[in-house]
Amino acid sequence: MPELDFITIRGFKSIANCEKLKLAPINVVIGPNGSGKSNFIEVFSFLHAIREGMLQNYVGKAGGADRVLHFGAKNTPEMFFHISFEDGLNQYDITLEPTDDDELIPTDETCYFWVKSQYPHPYATGVARTGKEAGISQSGQGRVATYVRKHLAKWRLYHVHDTSRSSPMKKTCDLNDNDFLRPDGSNLAAFLFYLQEEYPVEYGLIRKAVQRVAPFFEDFRLKPSKLNEDKIRLEWKHAGSDAYFDASSFSDGTLRFIALATLLLQPDWYRPSVILIDEPELGLHPYAITMFASLVRQVSHETQVILSTQSPLLLDHFEPEDVLVADRVNGATTFTRLEVERLEEWLEEYSLGQLWEKNELGGRPGGHA
C-alpha cells in the first residue's frame, strides 16, 4: 500500500485545481517544459515546509504570496491542499490566504482519523494556527495531529543536480552528519561512511551498483580527515591501482548516480516513505538510467516514488499505470494517468518512450493553449 493515496491541490503556482489525484507506488510525471511537472513535485516541498514551521521562509524566498498563488492573489484568493495517507487512515487539509503584506497564512487546518471498517465517516479535529505558521508544525496538537505530523515528516524531495566545483557533494562534511541522506547530497561521504561501518550489506549493494555504471571504480575510500577527525570527504579508489581520487574526479553523471544509488539502496528503515526526485536522468549515461529505473522498481514495494522526467529512455522502463501526464490547458496544469487498455495495441509495436515522442500520450509541446 502506498504511503500517499491521493492529493487535492488548488491554487498552487500553475496548478489551479487538481481534485483527488490518485497516487500509485511509482509515479512518473511527464510533460513539456512549462507544463507544471516541477510545480507538482514542488507541492510536496511546500507541504514539508509547512510541517517544519518554515511557511513564511518558503513564501519569502519564492518572492511573496503573489508568486506562489495561481496567477496571483487577484485571481486566486486562497490555496487549498488535502492529502490522504494509508487508504484514508489519516488525512490532512489546509487552507491558506494571502495578507496585505504579501504573506500566506493558514486560515483553516483539519486532521482526520478513519478506520473504515468501524466508522462510516472520519473523525475530524481542527488544528490551531501558531502565529503565522501552521498548527501542524507544532507538537502537542493532539493524537490525530501527531500521526499526521509523522506522515508529513517521512517524505523528502531530492535535488542532486549540482555537480559544479562548489557542489556540496564534493565538499568536506561533518563526520557525524549521518541521520539521513540530505536532499542535496551534502553529507554523502558521512552517510556512506556510516553505512560502511554499520550496514555492510547495503553498502556492498551501493558499491556494486556504482561498479556496474563505472567499471573503473573499485570502492570508496572513506576515512575521517587526519587533520580533523570530525570531518570527512568523498574519495574513491581506481580499479587495478593503488591510486585514489576525490569526488571532483568523477564525471557529473557518475557522481549523481552515486547519490541516487545511495538514496535508493540504503536500509529500508532509513529510506523516506515517499521519495521525490525532479529530473533524475540529468547527466546520466543510458545504462545508468536503466540501472536507476531498476532500483526505483525494486524499492517501490516499500517506498513510494514520485519523479518527473523529460527522458523517453527513462519512461521506457515503467508501466503505463506508473505514468502521470502533465499538460497546460488554458494556462493551468492538468494531470492524467495513462490507461493500460487504451495503449495495449500501441504497446505491441512501440515502447512508452516512443509513443510519447509520437505524441500519442500527450504531454508534448504545442498540445494546448
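Throughout, numbering of the chain's residues begins at 1 and tracks the sequence.
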- Say whether Tyr203 and Asp219, considering side chains only, have a donor N or O and an acceptor N or O under 3.5 Å apart. yes
- Message: Quiz question: by atom type and distance under 3.5 Å, do the side chains of Asp108 and Thr95 form a donor-acceptor pair?
- Response: no
- Item | Neighbour count >12 (heavy atoms, 6.0 Å) for atom CD, Glu345 | no
- NZ/Lys223: more than 12 non-hydrogen atoms of other groups inside 6.0 Å: no
- Query: Is the cationic atom of Arg207 (NZ for Lys, CZ for Arg) positioned less than 6.0 Å from the six-membered ring centroid of Phe220 and within 45 degrees of its normal?
  - Reply: no
- Message: Can a side-chain donor-acceptor contact be found between Arg182 and Tyr158 if the only test is distance below 3.5 angstrom?
- Response: no
- Gln56 and Glu133 side chains, donor-acceptor separation under 3.5 Å: no
- Task: Report the relative orientation of the aromatic rings in Tyr194 and Tyr270; use parallel for angles under 30°, tilted for 30 to 60°, perpendicular for over 60°.
- Result: perpendicular
- Quick one: list whatever passes side-chain contact (heavy atoms from CB on, under 4.5 Å) with Val201, sequence neighbours left out. none
- Count the heavy atoms belonging to other residues, nucleotides or ligands that lie under 6.0 Å from NZ of Lys237, then report whether that count exceeds 12. no
- Message: Is there a ring pair (Phe, Tyr, Trp, His ring centres under 6.0 Å) between Trp236 and Tyr244? Walk through the geometry before answering.
- Response: CA-CA 5 Å; Trp236 59 281; Tyr244 64 89; 9.9 Å; no
- Once you round to the nearest 0.5 Å, how far does NZ of Lys116 lie from CG of Asp87? 4.0 Å
- Take the angle between the ring planes of Phe113 and Tyr147 and call it parallel below 30°, perpendicular above 60°, tilted in between. parallel
- Does the side chain of Asp327 come under 3.5 Å of the side chain of Ser35 through a donor N or O and an acceptor N or O? no
